[in-house]
A.B. asks: 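First the structure, which I've put down as structure tokens, then a few questions once you've had a look.
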Amino acid sequence: MEKNQKKIKDTKFVFVTGGVVSGLGKGITAASLGRLLKNRGYKVTNQKLDPYINVDPGTMSPYEHGEVFVTEDGAETDLDLGHYERFIDENLTGNSSITSGKIYSEVIERERRGDYLGKTVQVIPHITNAIKEKIYKFEEDDIDIVITEVGGTVGDIEGQAMIEAIRQIGIEQPESSVVFIHVTLLPYISGSNELKSKPTQHSVKEIQALGISPDILVCRADTRIPDSMKQKIALFCNVRKENVIENSTVSNLYEVPLMLEKEGLANAVCRKLNLTNQAPDNDEWEKMIKRIKRIKKENNVKIAIVGKYTKLEDSYLSVAESLHHAGFANNLNVEIEFIDSETINNGNVKEKLGHLDGIIVPGGFGERGIEGMISTIKYARENKIPFLGICLGMQMAVVEFARNVLKLNDVNSEEFDANCENPVIHIMDSQKIIKKKGGTMRLGAYPCILKSGSYASKLYGEKEIMERHRHRFEYNNKYRELMEQNGLTIAGTSPDGELVEIVEISESQHPFFIAGQFHPEFKSRPDRPQPLFKELVRKAKIVNSNK
């Protein structure tokens, strides 16, 4: 535990629910509160309860749920965990992402083993007890405060067991150990030029009918909430007026903690939980926001994310946030363009990409859009545009190099053509890796040894790094020597040297051309950008200046 962190006597629990509509920012509220409580010296963790029946988002289309965020221990989780980690700067675990599917699977497995001794298995108490176990599990980790967000909106039929579970915790624990926060919408009606509180009133009545009386209301609004409306909401929703918190629009996502601090959210939580250490140390966060605000609008670079899921930008949420972090560090605004790789070919690639200062080809699965990625990488390599390949992007960089530099015939990844003549990317030998949850997939953090003198080692400044993975295909070692002889250097491998983690083209040949088999975006923080993104943006600015 860090020196400035003070262990309180018992673990406290904060529950964040939502009403009226989805997408109000429950995740950002929960993450921001985590940062504010951590800045008061408490050891905090965040958790997400997702009502859907999928066991995890791993098999879901990115168009359904945005990106799949991967934790250090290899859990495939909801994208809100990315927000949590970026705000509280703590590595979360699989226990921070719980779905109805995961709960029901575990309960049914217990029933099949006979753990319930022949009893009738029911939502109450068996499902609710299993949910509570996941929340209480953090007590084993010496956590001061657990902030649990319940996905969806109150009233969703699939979320009722989770609402019931947190209601039970509210009566099992002392009153000073639990706080309920309800996030709602105050819609603005332009015709009458006023905010309306009725949807919030109805939402609070709905959650009250389920046995939970919110202690704090976080009201999302696009305009300032008049004091008279706060008084009205407090009266009709049975909360104290000082516990009606305005959540207004800010210019930068990372301003939200300071905005909520000013509105009194953290102090309201501390009062309810009888936390004595209420003086925040937000100095470093405030300095970061001031640095961001000082960046001039004309200081910008254009970087494209060329992928196959660009119709929903949340599919690449962590990549986009990592670019913004890198921009903060380089005193630059990063303008991100999302380009569908299916729309790119060798004939139009210059028209599509010629105006850019940098390019990222991110991760993904399946054959759709692959040829457009290869055309993109070829253009970036030949025209010396700073390029970062991530996971699938790294694999396609290897394919592109083998096709267009080595001039090999019939080159592909075994994922897309199992019978190709030159499978420079092939299915990995599962006997050579540490098996983790996910079958043949390599999931979670793995060590990488960086080659001395490589560009990557210069950027990381370390010999050994840990990065998170989510894939099942690997660089084919049969082509290592040929690739390196022609300029695609192996800059990082697994400790035994068997698995290629990073490839690069030397700085003398290209301003920035690095591709990693891992997902560096998952470990970037707003005040500590991931090294590869930081350098990509720096080199993009140089390219921009030389145009």
Side-chain angles (χ1 to χ4, degrees), residues 1-18 25-49 71 80-98 131-151 162 165-183 212 214-218 243 245 247 256-258 260-261 263-282 284-285:
M1 187 181 296
E2 295 180 9
K3 290 182 180 179
N4 70 328
Q5 291 181 326
K6 182 181 70 173
K7 180 71 178 98
I8 57 183
K9 185 176 180 181
D10 299 304
T11 301
K12 308 281 189 176
F13 301 92
V14 178
F15 298 106
V16 180
T17 57
K26 293 194 308 297
I28 298 298
T29 299
S32 297
L33 177 61
R35 166 50 67 175
L36 296 176
L37 293 174
K38 182 176 179 178
N39 286 354
R40 284 163 166 76
Y42 297 108
K43 189 171 183 181
V44 179
T45 195
N46 283 81
Q47 183 184 50
K48 178 75 180 288
L49 302 182
T71 57
D80 272 323
L81 266 73
H83 287 312
Y84 302 159
E85 286 203 3
R86 287 186 284 272
F87 277 74
I88 69 173
D89 196 13
E90 300 284 348
N91 290 332
L92 303 179
T93 68
N95 194 54
S96 286
S97 181
I98 306 301
I131 296 169
K132 290 190 292 181
E133 283 175 17
K134 302 295 186 184
I135 299 170
Y136 285 140
K137 186 174 175 61
F138 288 111
E139 292 180 315
E140 303 168 9
D141 299 328
D142 200 33
I143 297 292
D144 292 329
I145 305 166
V146 181
I147 303 172
T148 301
E149 174 195 352
V150 181
M162 291 176 170
I166 67 173
R167 181 196 70 80
Q168 291 178 17
I169 290 176
I171 59 175
E172 290 171 359
Q173 297 294 312
E175 284 189 27
S176 61
S177 291
V178 179
V179 59
F180 291 103
I181 300 173
H182 194 53
V183 181
I212 294 173
D215 302 294
I216 299 169
L217 295 181
V218 175
N243 289 352
I245 306 297
N247 184 1
V256 175
L258 299 181
L260 291 176
E261 178 72 83
E263 291 297 318
L265 175 62
N267 285 336
V269 170
C270 288
R271 286 195 301 270
K272 177 63 170 64
L273 297 179
N274 284 347
L275 296 176
T276 57
N277 188 22
Q278 295 188 22
D281 182 6
N282 294 326
E284 291 304 314
W285 203 267

A.B. asks: Please give me the minimum heavy-atom distance between Arg86 and Trp285, naming the atom from each residue.
C.D. replies: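 What the structure gives for the nearest pair is O-CH2, 4.3 Å.
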A.B. asks: For the atom pair CG (Asn274) and CG (Asp10), what is the distance rounded to the nearest 0.5 Å?
C.D. replies: 11.5 Å
A.B. asks: So, Lys38 side chain and Val44 main chain: donor-acceptor pair closer than 3.5 Å or not?
C.D. replies: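 No, the answer is negative, given that no donor and acceptor are paired below the 3.5 Å cut-off.
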A.B. asks: Taking side chain to side chain contact (heavy atoms under 4.5 Å, CB included) as the criterion, tell me which of Asp215, Ile212, Thr17 meets it with His182.
C.D. replies: Thr17
A.B. asks: Closest heavy-atom contact between Val16 and Ala30?
C.D. replies: CG2-CB, 4.3 Å
A.B. asks: Are any of the side-chain heavy atoms of Thr45 and Thr93 separated by less than 4.5 Å?
C.D. replies: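 SC-SC contact between Thr45 and Thr93 ruled out.
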A.B. asks: Main chain of Ile143, side chain of Thr11: is a donor-acceptor contact present, judged purely on distance under 3.5 Å?
C.D. replies: yes
A.B. asks: Could you tell me which residues satisfy side-chain hydrogen bond (donor to acceptor under 3.5 Å, both in side chains) with Ser96, sequence neighbours excluded, listed by chain and number?
C.D. replies: none
A.B. asks: Distance check, rounded to the nearest 0.5 Å: Ile88 atom CD1 versus Asn46 atom CG?
C.D. replies: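 Those atoms lie 4.5 Å apart.
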A.B. asks: Under the side-chain contact (heavy atoms from CB on, under 4.5 Å) rule, collect the residues that match up with Ala268, sequence neighbours excluded.
C.D. replies: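 Ile216, Asn243, Arg271.
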A.B. asks: Apply side-chain contact (heavy atoms from CB on, under 4.5 Å) to Ser32 and list each qualifying residue two or more places apart in sequence or on a separate chain.
C.D. replies: Ile28, Phe87, Val256, Pro257, Leu260
A.B. asks: Pairs under 3.5 angstrom only: tabulate donor-acceptor contacts from the side chains of residues 169-179 to other protein residues two or more places apart or in another chain.
C.D. replies:
residue	atom	partner	partner atom	Å
Glu172	OE1	Tyr136	OH	2.6
Glu172	OE2	Lys132	NZ	2.4
Gln173	NE2	Tyr136	OH	3.2

A.B. asks: Indicate the atoms forming the closest heavy-atom contact of Ala266 with Leu36, along with that distance.
C.D. replies: CB-CB, 3.9 Å
A.B. asks: What is the distance from atom CG of Leu265 to atom CD1 of Ile245, rounded to the nearest 0.5 Å?
C.D. replies: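 Those atoms lie 5.5 Å apart.
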A.B. asks: Determine whether a donor-acceptor pair (N or O, by modelled atom type, separation under 3.5 Å) exists between the side chain of Glu85 and the backbone of Leu92.
C.D. replies: yes
A.B. asks: Is the closest side-chain heavy-atom distance between Phe180 and Lys272 below 4.5 Å?
C.D. replies: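 Heavy-atom side-chain distance check fails, nothing below 4.5 Å.
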A.B. asks: Walk me through it: do Phe15 and Arg167 pass the test side chain to side chain contact (heavy atoms under 4.5 Å, CB included)?
C.D. replies: CA-CA 10 Å; Phe15 298 106; Arg167 181 196 70 80; over 6 Å; no
A.B. asks: Report yes if some heavy atom in the side chain of Lys12 is under 4.5 Å from a heavy atom in the side chain of Asp144; otherwise report no.
C.D. replies: no
A.B. asks: Please list, chain by chain and in numerical order, all residues satisfying side-chain contact (heavy atoms from CB on, under 4.5 Å) with Lys48, sequence neighbours excluded.
C.D. replies: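 So Lys48 forms a side-chain contact (heavy atoms from CB on, under 4.5 Å) with Asp50, Asp78, Asp80, Leu81, Tyr84, Glu149.
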A.B. asks: Looking at Glu261 and Arg40, is any side-chain nitrogen of the basic one under 4.0 Å from a carboxylate oxygen of the acidic one?
C.D. replies: yes
A.B. asks: Please identify each residue that fulfils salt bridge (charged side-chain N to carboxylate O under 4.0 Å, His left out) with Asp89, with sequence neighbours left out.
C.D. replies: Arg525, Arg528
A.B. asks: Got a second to check how far Ile147's CD1 is from Ile181's CD1, nearest 0.5 Å?
C.D. replies: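 Here the rounded value is 7.5 Å.
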A.B. asks: Which heavy atom of Leu37 sits nearest to which heavy atom of Cys270, and what is that distance?
C.D. replies: CD2-SG, 4.0 Å
A.B. asks: Measuring from Leu49:CG to Ile131:CD1, what's the distance to the nearest 0.5 Å?
C.D. replies: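 Here the rounded value is 7.0 Å.
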A.B. asks: Between Ile98 and Thr148, does the side chain to side chain contact (heavy atoms under 4.5 Å, CB included) criterion hold? Intermediate values first, please.
C.D. replies: CA-CA 10 Å; Ile98 306 301; Thr148 301; over 6 Å; no
A.B. asks: Set out, in order, the CA-CA distance, both residues' side-chain angles and the distance that settles side chain to side chain contact (heavy atoms under 4.5 Å, CB included) for Val14 and Leu273, then state yes or no.
C.D. replies: CA-CA 9 Å; Val14 178; Leu273 297 179; 4.0 Å; yes
